[in-house]
Amino acid sequence: MKLTILGCSGGIGAGLRTTAMLLDDDVLIDAGTGVGDLTQDEMARIDAVFLTHSHVDHICSLPLLADAVGGRRQAPVTIYALEATIDALRIHLFNNCLWPDFSVLPSVDAPYLRYQVVKPGVTVQIGKRRITPLPASHTVPTVGYWMDSGVASLVFTGDTGPCDALWEAVNAIDNLRYLIIETSFAEQDCHIAKASQHLCPSLLAGELARLRLPAEIFITHLKPHDSAATVAEIGRLLPDLPADRPLRMLSRRQVLAF
Ligand SMILES: [Zn+2]
Ligand SMILES: [Zn+2]
């Protein structure tokens with residue numbers, strides 16, 4: 001299995017893309033602006049999209065993706081998400097006002113999109129790949145995702161503040177190789193991180209202290225206006241991680257194999 005990072009920024013700007021990751025060549029994890037760098041052929045190969053939550057930076061490419069490739073595909077793209085996330089998409093986005101309801105268009109029998117509800121802890125198997133939603137704590141219902149190839153696992157936290165249930169689940173994974181965890185804000189905006197249920201470097205340090213497994217750690221979702229300060233603070237607050245837990249910033253176009 002390989003995960004290609006299409007976008008990992010907490011905002012937009014030249015060279016920045018919001019959260020989107022391509023698992024192998026047919027599964028998308030979140031649909032932020034990074035999706036727009038794929039070719040039409042690459043987009044047409046996507047059979048499934050797993051969404052962490054309904055916030056715009058994670059779903060904004062979904063309506064355009066459906067429109068771009070729906071007519072070229074033989075089958076609908078399946079959107080896997082929490083029931084609350086699917087409700088939000090139906091009510092606020094694919095509502096025939098902001099965008100057509102592609103779950104019934106161009107026809108009820110052959111729509112461009114279909115929805116599939118996921119639940120934390122309940123694995124979705126696609127071929128030999130196991131994708132399991134994990135608990136997260138954010139301002140709207142949110143999950144992270146645990147991807148298990150059978151050989152090794154990668155965990156993506158999604159957007160989250162401190163979350164007990166997440167670490168309980170992560171520490172039970174016996175083949176963890178990679179952990180992608182968010183850190184949205186710098187220390188000076190820690191109050192915003194807490195109010196919006198994200199992490200800042202000191203909150204990140206507290207969360208990583210709860211990880212009991214070796215793993216390569218990657219930081220994602222930095223807000224662009226303060227990303228340099230955030231990186232410097234992470235280096236200062238987390239100077240002595242064990243050698244089996246190296247920490248780096250996630251970068252666009254990076255490929256993680258597992
Ligand atoms: Zn969010
Ligand atoms: Zn976000």
Side-chain angles (χ1 to χ4, degrees), residues 3-23 28-37 49-65 79-94 98 118 120 133-147 154-166 179-187 189-201 203-204 207 217-227 229-231 234 249-252 254:
L3 190 71
T4 304
I5 309 305
L6 304 176
C8 56
S9 175
I12 58 169
L16 301 175
R17 308 285 187 275
T18 71
T19 306
M21 307 174 184
L22 188 61
L23 185 64
L28 205 55
I29 310 292
D30 276 342
T33 64
V35 175
D37 291 328
V49 182
F50 286 77
L51 298 175
T52 57
H53 65 304
S54 59
H55 281 159
V56 165
D57 55 322
H58 300 254
I59 60 103
C60 58
S61 290
L62 202 53
L64 297 167
L65 173 72
I79 310 300
Y80 293 89
L82 291 171
E83 189 164 21
T85 306
I86 292 171
D87 286 348
L89 293 175
R90 285 186 187 280
I91 294 166
H92 300 295
L93 179 53
F94 294 102
L98 287 195
V118 300
L134 296 175
S137 185
H138 197 35
T139 50
V140 295
T142 299
V143 290
Y145 284 107
W146 163 23
M147 295 156 241
L154 180 151
V155 164
F156 167 47
T157 65
D159 287 7
T160 190
C163 182
D164 293 342
L166 171 64
L179 171 69
I180 300 174
I181 182 167
E182 77 125 280
T183 304
S184 296
F185 293 98
E187 279 312 292
D189 289 336
C190 200
H191 61 291
I192 302 175
K194 286 174 179 167
S196 58
Q197 297 190 51
H198 282 292
L199 298 177
C200 61
L203 292 174
L204 171 73
E207 293 307 283
I217 300 163
F218 291 93
I219 306 299
T220 187
H221 207 276
L222 277 72
K223 292 290 180 185
H225 67 279
D226 257 351
S227 60
T230 308
V231 170
I234 289 171
M249 300 301 127
L250 192 64
S251 57
R252 187 158 71 90
Q254 187 167 6

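Counting starts at 1 for both ligands and their atoms, following the listed order.
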Novice: Is there a side-chain contact between Leu250 and Met21, using heavy atoms and a 4.5 Å cut-off?
Specialist: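 Result yes, sub-4.5 Å side-chain heavy-atom pair found.
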Novice: Between the main-chain N or O of Gly32 and the side-chain N or O of Ser61, is there a donor-acceptor pair closer than 3.5 Å?
Specialist: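 Checked: pair present.
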Novice: Listing by chain and number, what protein N/O/S atoms are under 2.8 Å from the Zn ion (ligand 2)?
Specialist: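 Hits for the Zn ion (ligand 2) below 2.8 Å: Asp57 OD2, His58 NE2, Asp159 OD2, His221 NE2.
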Novice: Would you please test Gln197 and Thr139 for side chain to side chain donor-acceptor pair (under 3.5 Å) and show each step?
Specialist: CA-CA 6 Å; Gln197 297 190 51; Thr139 50; over 6 Å; no
Novice: Determine, stepwise, if the pair Arg252 / Asp37 fulfils salt bridge (charged side-chain N to carboxylate O under 4.0 Å, His left out).
Specialist: CA-CA 11 Å; Arg252 187 158 71 90; Asp37 291 328; 3.1 Å; yes
Novice: Please determine which of Asp159, Thr157, Thr183 meets the side chain to side chain donor-acceptor pair (under 3.5 Å) test together with His221.
Specialist: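 Testing each of Asp159, Thr157, Thr183 against His221, the sole residue satisfying side chain to side chain donor-acceptor pair (under 3.5 Å) is Asp159.
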Novice: For the pair His53 and His138, name the ring-plane relationship: parallel under 30°, tilted 30 to 60°, perpendicular over 60°.
Specialist: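 Judged by the thresholds at 30° and 60°, the geometry between His53 and His138 is perpendicular.
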